[in-house]
Amino acid sequence: MIKTKLTTSLVLALALHAGAADYANLKDSFCDEQNRVIYDGAGRFAVKSPAVSELELTLDLAALESYLGSNDYKQGPLVTWEMSMPNGRKLVYGLADTAKHITCYWDGQPWEKDGSVSYEQLKSHAASGKVKLLLSINPAQGISVSCGGETLLTAPNLKTQLPFDTTHAYSVNTNYVAAVGIKAASTLDTAGYKAPEDYTKPFTRTRENSLGRIMFCGDSITHGVNDQTWRWQLFKTLVDNGIEAQIVGPRSGYTPGYTRLSTSDAGDSYAGVPFPNVHLAQSSGRTHNIISGSNSGMSGVNYGGHSTKSSAAAFNCDTWCCLMGTNDLLSDRGYSPQEFAAKMQNLLGGKVSIKGDKYTWRAGKDWGNMGRIAADVLKEDSDVLYVMSVPCWGHHANNNEPERHLAVQQYNVLLRDWVSRYAKAHDKKLRYVEVNRGMVDSDHAVPFSWPDSMSNRPGRDGLHPNEQGSLIIAGNLARAMGLPGRTAGLPRAASTDWPNLLKQARALKTPWSITHTPLFDREKGYSVELRFAIKGVRKRSSQGSGVVELTVSDSQGSGTVRLTPTSICWGERKLYCSPSMAEVPPLRLAWHPGGAAQNKPQGYYLWLGDMLIGQGLPAAEPAEQGIRLEAGKLRLFTLINLRHTTGSYAPE
């Protein structure tokens, strides 16, 4: 089950044994809608209960003894409760631990006027190393502490005559409090609760598309080069859509040793939300390195002693995203077809064969290094592993031979089959993610290559994606996860009611153009949506004639989207590639005012369907105000709609 489950199934997810409001899992935050209780994962229970109440605490005495003897020990509260009067005045008191005993707690200090309970007394009441204490709380009469019907402590002086009538919270010391039972009914409005937007901390799950704890595994493409990584781009998808997740990992930061390139995109936070730059990734990592955590006696690098197995034990994740294989296939020597087959077999297990130029895989008893990774991380039936394909790449310092590109492309085909068969054979949740959708440039001289516009440093480092390449990888992963596309902080809106320049879809004779002159205003924002279908360039047409161009302009600048039969470009810069652009999903172009503090660059934003494929695209010199659509010589050009509106909107 998901580790931070919400909704009415919470009773099962949190192992509530003694009653409807008893909680044995204090590691994860949750919202118990049935009992109107919210827990923050750090010891604090938010409630709205009568001031006169009872609270049951289970103490782990071994953990208490360890805590008292540790360097982390600091005398303080064992439990506190926060009360209020009708006028809003608050009162906080409770129990405290000291080096010798448990006593009352008042005004930030231990209160010993009414006695104490020694740790030896607690041990005498323990069963299996734990003791249950029942606290009776009455602000007008004081408190009492009992165990198994025997009163251990009364504090009649810890009281007030003021009309405190409501308890708002209980806070416990999770170093040794193992379970909490809230006995008074709560009427807290949990339905209106919104989880805090902090992806470094546990969260309260309020929707079905929560990812739980998530960890990103991989090599330098995941680690990040020049502060660019698909992890950062996916994080922005989570924030844009309010997707709940706790991003965890034993390692942090980007690949060291690279100079940070000038970019408007890389940052430490987005929309005011800190980016948890943590992961299980290492530049030059191979699958055998991430499985073992080291490079002892093998090629590759050290993951700092952290492995998939140790990370799974330490973080107990619900969701895993793994992008591995680039270095296994390309960084270790041996590039003949037979040597590539051996590398693939090491990754997938079973038997990989080569006949002519085609690789085939047959499952066997061994599932290879990818199988060992899956076995390490998938511990519960609900855990999900997203297995990401090996990305294509551009011109690099090495590995530019076409046969190497084609071998990796075929490996991805085998990997897709492997994911399906492994999931079925082991009854586990694995999902294959084709990250190359929109990245493979069919115009490139070398097959299975991306355009220079997606390379970290074109001509020198074509192996690592830049901001644009990372955006497409993250978009493909988000789609595989079933997540909505990016909004870049803009409101969503359907275009159904926007003015349409066409009364109905129609096939047009090309070349063809249309101009419309609404007065676009950047302060108010504007959006344009285009949908059409094309079929090839006419025979004997000049190069570039099979291009559709959409230009929008305001008084300060303009932007042009160029669509060829194989790519979507911003001017000449390729943003998205496809073997065939026969029928294009709606293209949405919107002006975004940006915001430096929010890490949202100003410029044009472009969506293909609901997938953001261009962000902060720069404006050119102003053109004629409004919209101009031009189509070159195409065998078939069907314009479905061309809509526009005032205001900047992401697709609904």
Side-chain angles (χ1 to χ4, degrees), residues 11 14 16-24 26 30-40 43-59 76-97 102-117 122 125 131-174 177-191 193:
V11 176
L14 297 174
L16 310 182
H17 299 298
D22 286 15
Y23 305 102
L26 304 186
F30 57 81
C31 178
D32 179 357
E33 290 184 312
Q34 180 177 340
N35 293 296
R36 304 292 186 88
V37 177
I38 294 172
Y39 179 63
D40 70 351
R44 188 176 191 272
F45 293 84
V47 297
K48 188 177 181 181
S49 303
V52 178
S53 62
E54 288 187 333
L55 188 69
E56 187 177 74
L57 303 179
T58 301
L59 308 188
L78 180 164
V79 58
T80 61
W81 42 95
E82 179 184 306
M83 299 182 178
S84 71
M85 293 193 301
N87 65 5
R89 182 174 176 179
K90 293 183 178 181
L91 172 70
V92 178
Y93 63 107
L95 298 180
D97 59 52
I102 288 174
T103 187
C104 296
Y105 184 82
W106 170 263
D107 195 25
Q109 298 293 329
W111 168 286
E112 299 185 337
K113 295 180 181 180
D114 289 317
S116 61
V117 180
L122 294 181
H125 289 82
V131 61
K132 286 188 177 182
L133 302 179
L134 180 65
L135 283 67
S136 297
I137 305 163
N138 189 324
Q141 298 179 13
I143 65 171
S144 66
V145 180
S146 61
C147 180
E150 178 183 346
T151 300
L152 303 181
L153 173 67
T154 58
N157 295 311
L158 199 61
K159 63 182 180 179
T160 176
Q161 298 304 316
L162 295 175
F164 287 95
D165 61 356
T166 304
T167 299
H168 291 285
Y170 301 104
S171 297
V172 300
N173 190 328
T174 57
V177 176
V180 175
I182 299 174
K183 302 305 179 182
S186 171
T187 59
L188 184 68
D189 179 16
T190 54
Y193 180 76

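What's counted below: heavy atoms across the whole structure, side chains too, no hydrogens, waters or symmetry copies.
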Would a distance-only check, ignoring hydrogens and angles, find a side-chain to backbone donor-acceptor pair under 3.5 Å from [X] to [Y]?
X      : Y      : result
Thr154 : Pro156 : no
Ser186 : Lys48  : yes
Thr103 : Gly115 : yes
Ser136 : Ile143 : no
Asn138 : Ala140 : yes
Thr167 : Pro50  : yes

List the residues meeting salt bridge (Lys or Arg N to Asp or Glu O under 4.0 Å) with Lys159, not counting sequence neighbours, and say none if there are none.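 By the salt bridge (Lys or Arg N to Asp or Glu O under 4.0 Å) rule, Lys159 matches no residue at all.
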Test Met83 against Asp165 for side-chain contact (heavy atoms from CB on, under 4.5 Å), laying out the working first. CA-CA 7 Å; Met83 299 182 178; Asp165 61 356; over 6 Å; no
Can you check whether [X] reaches [Y] side chain to side chain, under 4.5 Å on heavy atoms?
X      : Y      : result
Val92  : Trp81  : no
Leu55  : Ile182 : yes
Tyr23  : Asp32  : yes
Lys183 : Asp22  : yes
Ile38  : Leu188 : yes

To the nearest 0.5 Å, what is the distance between [atom1] ([X]) and [atom2] ([Y])?
X      : Y      : atom1 : atom2 : answer
Cys104 : Leu153 : SG    : CG    : 5.0 Å
Arg36  : Ser49  : CZ    : OG    : 11.5 Å
Ser146 : Leu152 : OG    : CG    : 7.0 Å
Leu134 : Leu57  : CG    : CG    : 9.0 Å
Thr174 : Arg44  : OG1   : CZ    : 14.0 Å
His125 : Lys132 : NE2   : NZ    : 14.5 Å

Evaluate side-chain contact (heavy atoms from CB on, under 4.5 Å) for Leu135 paired with Tyr170, printing each intermediate quantity in order. CA-CA 12 Å; Leu135 283 67; Tyr170 301 104; over 6 Å; no
Step by step, work out the side-chain contact (heavy atoms from CB on, under 4.5 Å) result for Tyr39 and Val180. CA-CA 11 Å; Tyr39 179 63; Val180 175; over 6 Å; no
side-chain contact (heavy atoms from CB on, under 4.5 Å) between Phe164 and Thr166: does it pass, once the steps are laid out? CA-CA 6 Å; Phe164 287 95; Thr166 304; over 6 Å; no
Distance-minimising heavy-atom pair for [X] and [Y]:
X      : Y      : result
Cys147 : Val131 : SG-CG2, 3.6 Å
Leu59  : Ile102 : CD1-CD1, 4.1 Å
Pro110 : Tyr105 : N-CD1, 4.2 Å

Can you tell which of Val145, Val117, Val79 makes a side chain to side chain contact (heavy atoms under 4.5 Å, CB included) with Leu133?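 Running side chain to side chain contact (heavy atoms under 4.5 Å, CB included) over Val145, Val117, Val79 with Leu133 returns exactly one hit, Val145.
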